[in-house]
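In what follows, a single structure is set out as structure tokens and then discussed.
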Amino acid sequence: MIRDLVRTRIEEALQRLAREGLAAAASFPSPEVSDTRQPEHGDYASNVALLNAKAAGMPPRILAERIAEALAEAPEFEAVEVAGPGFLNFRLKPESVASFVAEALRRGDGLPRSRHEEPQRINVEFVSVNPNGPITVGSGRGAAFGSALCNVLEAAGHTVHREYYINDGVNSEQMRLFAESVRSLALGEPLPDKGYKGDYVQAVADRISEMLSRPLAEAIDGLRTALAGEIDPWERRTLERRLATLLRVEERRAASADAAGCIRELSTEDLKLLCETLMIERQRSDLADFGVRFDTWFSEQSLHDAGEVERCLQRLIDAGIADTEPYQTVLKLGKNGEVLESQRVEQATGDDEDDGAPQGEAVQPTLWLRSTRFGDDKDRVLRRRDGRLTYIASDLAYHLDKFNRPSQADRLVTVLGPDHHGYIGRLTAVVAALLRKPDGEDADREALEEARRRLQVVIFQIVRFVKEGKPAPMRKRDGNIYALIDLIEELGRTMAPEESPERQKEVGKDLARFFYLMRSHDTHMDFDIDLATRRSDENPVFYVQYAHARVCSVLRKAEEAGFHAPLQPEPSELALLAHPKELALVKKIADLPHEVRRCAEDFGVHRLTTYAVELARLYHAFYDTCRVIQPEEPALTRARLSLCAAAALGLRRALGLLGVSAPERM
RNA sequence: GCGCCUGUAGCUCAACGGAUAGAGCAACGGCCUUCUAAGCCGUUGGUUGCGGGUUCGAAUCCCGCCGGGCGCGCCA
């Protein structure tokens, strides 16, 4: 807000210079307004003269002085100085700074919002783990990052759609194995080879046994009711499939002597769907406890059911992007994606390769996606020799669907874990293949560029959990995994042993989210559980939350003393805020929209945690120096109360974007 | 072998290409008869892994080394 004011004044000054004959000034890029490190450099600085000296054809200091002269009439500045090699240093009048308290209060909950020049519809896909286990602490980082990113993009003026992709394709061997493992556990029989084990698998088995011990009427009615309502086509397909399965299961159940008998006779397909449904339910519940919600839980299988995948493949075959010629192109790519070496690998025709495909069942030739035409380093298989489709085939249909929905996305953001960076190339190629226009000299290259503009794959790096100074294992030997919900509950129990389980979960959620978000998503981070559970100076979450609780306490005390924080404070009273600690606090509060805009641009959501800590520090410092409630100074008291209200707002909204609660008492 | 990420204070990390590289913790010293001391104030701490280059200016961009993490299936 204040920064925008300074920028506007500079732009006005440049316009003036342009009119006065310095033509180049009209085409300077929008000037940057940065913080100053030393107080003697004023409140803000700009390097506009340094950057544009060449274009203006004069030394930076001379240009800076010209701009400073043109700025002389701006009413908000106490001084505009030229310093160093050509910086412009701005010193604002205290009352100009203080007046932004009123602006912040006027914005209210919309404080972080910044007007975006080109608001977009952005589809953000994140978490998207397989439905064969709970959300782990590893995926927790993606969940925290993705959800905070969505909040930030929204605050920056975009329309955001939060999406979870369920890998429930019927061809998935993993899911079949998962279903068979559950069957064994439910029946008390030995697990299949390499079967899933662990408490959560047993929990699914127990739930299914329990479910099948009585009629499924309730679940079936529930699905019918949902289907009677207005729902998206993809969701309708998913629910219809689930209903058909439940009806088959119910028939089998009614004919069986007991739950065990029923489970023994269920087809793998039907059992798999029951397992998935339960697992997804648990994921959804765990994520909700983590403060993460999705607009869409998209089922991969629903694409197959509707024939979308086959349609998509046919389209690519017709366009000549996919074919069954028996070769694979393999490229060696340079740093900037240029092709260093191209190799055509003829496909072996024999069945001597041990690739897991059923021997002697090669009923059709391999279908290739010629993804090397779109920057990928090798062509990818769409349909295997045994006729089964690969997940890339589903990915094609899925991305096409994302673009084609009624809510059409301008941009797709996909957040993936550290073991997925190999996907960037092929996903980009997939999108390029879809976006390719049928004609044009350079259709492939243009499609690739378009894909790079419209699909952004964000990889977050690995997170290591440290306890008692040692890395904590993410997977225990007995097959149990470190679930996100376990972390939340462990943190909550340790920090708030006397509280209710719900409250404990919220405490754990706040701690976990803040810690995940403190580090840039592309650095490897250590999550120090001991530090997170320390209730002391070392814990930044409490530091920030305490600042908020403290403000609220002051506001309550003021009410008791008969003072109300004015929502529309008088400029003359705000002008009483002239103490450096007061002004520093105002500047930081007013900076939230700028911070949000930056985070939305480069996805550096972690900077918001730094911002929150800095804002809290400035409030604590202000609180310590400037007594708020002073009955003998009613005007100053009102001004400071307005500042307190604005500080509470800034803290609450910054924490809100991070998905962390702002308690009014601690 | 190739690719992605990364290397900043004792530790964990910040720093739109900007001025003297900053916080927190740890260590040391102060501050509660007044609004929440889960707080504040101060001191100490650096060859930004190494070497080149680009420019008015580099922790940041480019090249080359060195170290760490992860990934490179007709698995998902």
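Protein chains get the first letters and strands the later ones, always in sequence-line order, with residue 1 at the start of each.
Taking only side-chain nitrogens and oxygens, Tyr623(A) comes nearer than 4.0 Å to OP1 or OP2 of A37(B). For the OP1/OP2 pair of C35(B) and a distance below 4.0 Å, the side-chain nitrogens and oxygens of Arg550(A) include no atom meeting the criterion. Phosphate contact (OP1/OP2 of U36(B), side-chain N/O of Tyr543(A), threshold under 4.0 Å): absent. Applying the 4.0 Å criterion to OP1 and OP2 of C16(B), one finds that Arg598(A) has a side-chain N or O inside that range. Proximity of Arg597(A) to the phosphate of C16(B): no side-chain N or O atom is located under 4.0 Å from OP1 or OP2. For C2(B), neither phosphate oxygen OP1 nor OP2 lies less than 4.0 angstrom from any side-chain nitrogen or oxygen of Lys332(A). Residue His606(A) has no polar side-chain atom (N or O) positioned under 4.0 Å from OP1 or OP2 of U12(B).
Taking for each of Tyr44(A) and Asp377(A) the nucleotide of RNA chain B with the nearest heavy atom, the 5'-most of the two is the partner of Tyr44(A).
Remark: Arg176(A) is not positioned above the aromatic ring of Tyr196(A), lacking an NZ or CZ atom under 6.0 angstrom from the ring centre and at most 45 degrees off the axis. Cation-pi geometry between Lys587(A) and Tyr44(A) is met: the NZ or CZ atom falls under 6.0 Å from the ring centre, inside 45° of the normal. Geometrically, Arg464(A) does not engage Phe527(A) in a cation-pi contact defined by less than 6.0 Å to the ring centre and at most 45° from the axis.
The pair Arg91(A)-Asp43(A) fails the salt-bridge criterion, with no side-chain N (NZ, NE, NH1 or NH2) lying under 4.0 Å from an Asp/Glu carboxylate O. A salt bridge links Arg7(A) with Asp4(A); the closest basic N to acidic carboxylate O contact falls under 4.0 Å. Salt bridge annotation for Glu346(A)-Arg344(A): present, with a cationic side-chain nitrogen under 4.0 angstrom from a carboxylate oxygen. Salt bridge present: Arg3(A) and Asp35(A) bring a charged side-chain N and a carboxylate O closer than 4.0 Å. Salt-bridge annotation for Arg380(A) and Asp377(A): present, with a side-chain N of the basic residue lying under 4.0 Å from a carboxylate O of the acidic one.
Annotated as anti: C61(B), whose glycosidic dihedral deviates from 0 by more than 90°.
Note: CG (Asp624(A)) to C1' (G42(B)) measures 13 Å, nearest angstrom. Residue Phe298(A) contributes atom CZ, which lies 18 Å from atom P of A76(B) at whole-angstrom precision. Residue Leu396(A) contributes atom CG, which lies 14 Å from atom P of A76(B) at whole-angstrom precision. Remark: P of G73(B) and CG of Asp376(A) are 12 Å apart, rounded to the nearest angstrom. One interatomic measurement links the two molecules: OH of Tyr164(A) to C1' of A76(B), which rounds to 13 Å at whole-angstrom precision.
Picking from C74(B), G18(B), U36(B) the nucleotide with the shortest atom distance to the side chain of Asn47(A) gives G18(B). The side chain of Ser34(A) sits closest to C16(B) out of C16(B), G69(B), A19(B). Considering only the side chain of Ile462(A), C70(B) comes nearest among C16(B), C40(B), C70(B). Checking C35(B), A76(B), A19(B) against every side-chain atom of Ser553(A), the shortest atom distance belongs to C35(B).
Secondary-structure stems of RNA chain B, taken as three or more successive Watson-Crick or G-U wobble pairs (i with j, i+1 with j-1) under a 3.5 Å distance threshold, comprise B:1-7 with B:66-72, B:10-13 with B:22-25, B:27-31 with B:39-43, B:49-53 with B:61-65.
Listed in residue order, the members of residues 51-63 of chain A having a heavy atom less than 4.0 Å from RNA chain B are Leu51(A), Lys54(A).
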